[in-house]
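All values derive from a computational prediction rather than experimental measurement. Below, chain A is the first sequence line, B the second, and so on; all start at residue 1.
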Protein chains: 2
Amino acid sequence: MDIKIVDVASKANVSPATVSRVLNGHSYVKSSTREKVMRAIESLGYHPNAVAKNLRSQRSMTIGVIVPDINASYFAEIIKGIENMAYSRKYRVIICDAENQQDKEMEYLGLLMSRTVDGMILVTPSTADEEIVRLTDKGYEVAVIGRAVEHPKVPCIFTDNVKFSKEVVDYLVSLGHRDIVFLSGYANAVDSFERLEGYLKGLKEHHIPFRPELVENGNFNERGGYEAMKRLLDKGLGFTAVYAANDEMALGVYKACDEAGLRIPEQLSVVGVDNNRISKYITPALTTVNQPKYAMGAVIAEKLIDQMNADEFSEKRVFKVDSELIVRQSSGSL
Amino acid sequence: MDIKIVDVASKANVSPATVSRVLNGHSYVKSSTREKVMRAIESLGYHPNAVAKNLRSQRSMTIGVIVPDINASYFAEIIKGIENMAYSRKYRVIICDAENQQDKEMEYLGLLMSRTVDGMILVTPSTADEEIVRLTDKGYEVAVIGRAVEHPKVPCIFTDNVKFSKEVVDYLVSLGHRDIVFLSGYANAVDSFERLEGYLKGLKEHHIPFRPELVENGNFNERGGYEAMKRLLDKGLGFTAVYAANDEMALGVYKACDEAGLRIPEQLSVVGVDNNRISKYITPALTTVNQPKYAMGAVIAEKLIDQMNADEFSEKRVFKVDSELIVRQSSGSL
DNA sequence: ATTCAAACTGAAATCGATTTCAATAAAGTT
DNA sequence: AACTTTATTGAAATCGATTTCAGTTTGAAT
């Protein structure tokens, strides 16, 4: 049922080699034969089998991306950046959505490891560094978004979690807040860890004693943020501001506050991270930290593609990009 | 540098065939040899080359999905539904984001056509029906979300655009509106077309004369909605309600109204379609039409997989699912 | 008219797995 | 003991393209 290159060849009275030459165009082919072949291709509706092609040529011109959740605009924006850069370099992108499940993440990693892609970009905060190092040493082309990995061949791009988290604390303190809740994401993510670190650093610098009871885990999603906030409110701890490690959790905080009749920002200031698309539409508009998501995706895709095509690796491998605090209406002075 | 099956074979002192048998487990292998092979695999860190495997076995256990925009929650939800169903059936999913560009859509279609996937799901409103029929006749397994395609082998799932659009008009008329704007999406999308049809049908039923100047195109995105609304406002046409063919455009309408000092819903009622995640967070919360996106993805994935594995095709191929109007605060009586 | 390079083409090897076929060994069956 | 049947393995063919190698034509240069 399938049309193969030999079918085209026999229809055009040439060898498969010639058809291949016409198809790929890096060799001499007489223009009259080229036309014969083209006509045969056309009339048979021939489509080359990429699986065979990739096997022989040992490349697929595709790169794979694994993200924890395509629904989160943070990742969706990154993907757009990757996609457009890759597209302009004639690469195609396949996206794997791990849906925040570690087993799926591993599963998809296995899929990409089986040579279906020429390179991969991991945006997954939970794949261990050692795993990435191992992959790279095995000869896979891997790039990482969201943190630094110690390996001379792995391009990385990330924002300084510690730095901007400290800046959030600085900002809240400048508004007069001293009792600041930190809402963390899931435990095995570097982002959670480093944002907590920045939070602590900020407190320390302002000589504010750390109150461990003000740190709660919200798993990076709305529901987690909602439940964490309810726990905090139930305990009746005194606090005037919440720094949520991402906007999704901040959304949950809004909901909990709404139910508890707590007004934002009059009674509680809320700051998120990601500049999620929703954050500017919600009322009050959420103060948040913006990361250059699209650019991060584009830069890392470019580096990866460069590296795949040149054996000398790039002078610059690790990119730390700046993020900015976007002050909106969810935060105010005491 | 790469470890191949022959390497494993020679390390374990067996033939490649035996290694393959161990790997795939559908043949007799003495348990002692199995262990030898396993040890060799382990110690060499062997990963089978899926490209070669797929070429030989003529299947990849992956299905490809093309969507116009992964950033839109309508598509993201559909993808989730597909992904989870596929995953439970041991299929992997690769997602192609056409970014609302028709050339990219074609490009990705070409990618999927080159036998890298066992089947494909198109959620693209702009791929022509004839193209889909042609693909299917050529032996590709294709399923479609969002409309019906006339071909006995193509599973389809969609909501009745005409029906719910008419219901939107019914609803607005019941609130007393008679001058209703219709904001259409881009012209080559069936959705635009059918939603307009429902709008017209609704007007007709209520004996409201059709005013062509009240129909504008907003290209299904926020910006388009904003600009279309501005054009309408500039023209100073009298209207009291807007039916936007999706929520994204409704967002643009909000922005234009905000700038023009027009209050929603007091001075203008707005209704969207999709029940986009943002729609419930925006103020006033948007009245919209909900489609069972996740379920649609799951159902079509299941049908496609069934069809790929059984030669007899399913009795039921076309699924029309119900959508519901979610009334929120953006619409009110005159 | 002869020579040499460039243009053009096909046969066969190759990519890395799976699978068929056939051969042998072990285990039951009468 | 002779004869099936079942278990176990390897050699070789195969999937559908690309690419090397070598051979033939053509065209230009001497």
Which part of the nucleic acid, if any, lies within contact of [X], taking any heavy atom under 4.0 Å across all strands shown: a base, the sugar-phosphate backbone alone, or nothing?
X: B:Val29; answer: sugar-phosphate
X: B:Asn24; answer: sugar-phosphate
X: B:Thr18; answer: sugar-phosphate
X: A:Val14; answer: sugar-phosphate

inquiry  = Whether A:His26 contacts D:dT19 is assessed here as follows: a side-chain N or O lying under 4.0 Å from the phosphate OP1 or OP2. Is that the case?
reply    = yes
More than 12 foreign heavy atoms under 6.0 Å from [atom1] of [X]: is that the case here?
X: B:Phe193; atom1: CZ; value: no
X: B:Gln101; atom1: CD; value: yes
X: A:Met61; atom1: CE; value: yes

query = Quick one: on DNA chain C, does A:Ser32 or A:Gln58 contact a more 5' nucleotide (nearest heavy atom)?
reply = A:Ser32
Roughly, in whole Å, what's the span from [atom1] in [X] to [atom2] in [N]?
X: A:Tyr28; N: C:dC8; atom1: OH; atom2: C1'; result: 10 Å
X: A:Asn54; N: C:dT14; atom1: CG; atom2: C1'; result: 15 Å
X: B:Lys30; N: C:dT24; atom1: NZ; atom2: C1'; result: 12 Å
X: A:Lys36; N: C:dC8; atom1: NZ; atom2: C1'; result: 12 Å
X: A:Arg56; N: C:dT14; atom1: CZ; atom2: P; result: 9 Å
X: A:Leu55; N: D:dG16; atom1: CG; atom2: C1'; result: 9 Å
X: A:Tyr46; N: D:dA17; atom1: OH; atom2: P; result: 3 Å
X: B:Arg21; N: D:dT9; atom1: CZ; atom2: C1'; result: 6 Å

Of the options [options], whose atoms approach the side-chain atoms of [X] most closely?
X: B:Ser20; options: C:dT18, C:dG16, D:dT18; result: C:dT18
X: B:Thr33; options: C:dG10, D:dT8, D:dA17; result: D:dT8
X: B:Leu23; options: D:dT18, C:dT18, C:dG10; result: C:dT18
X: B:Ala17; options: D:dG10, C:dA17, C:dG10; result: D:dG10
X: A:Lys4; options: D:dA17, D:dT8, C:dT18; result: D:dA17

ask   = Is the side chain of B:Asp118 donor-acceptor paired with the backbone N or O of B:Ser60 at a distance under 3.5 Å, no angle test?
value = yes
Given B:Ile82, B:Thr62, B:Ile121, the one that forms side-chain contact (heavy atoms from CB on, under 4.5 Å) with B:Val93 = B:Ile82
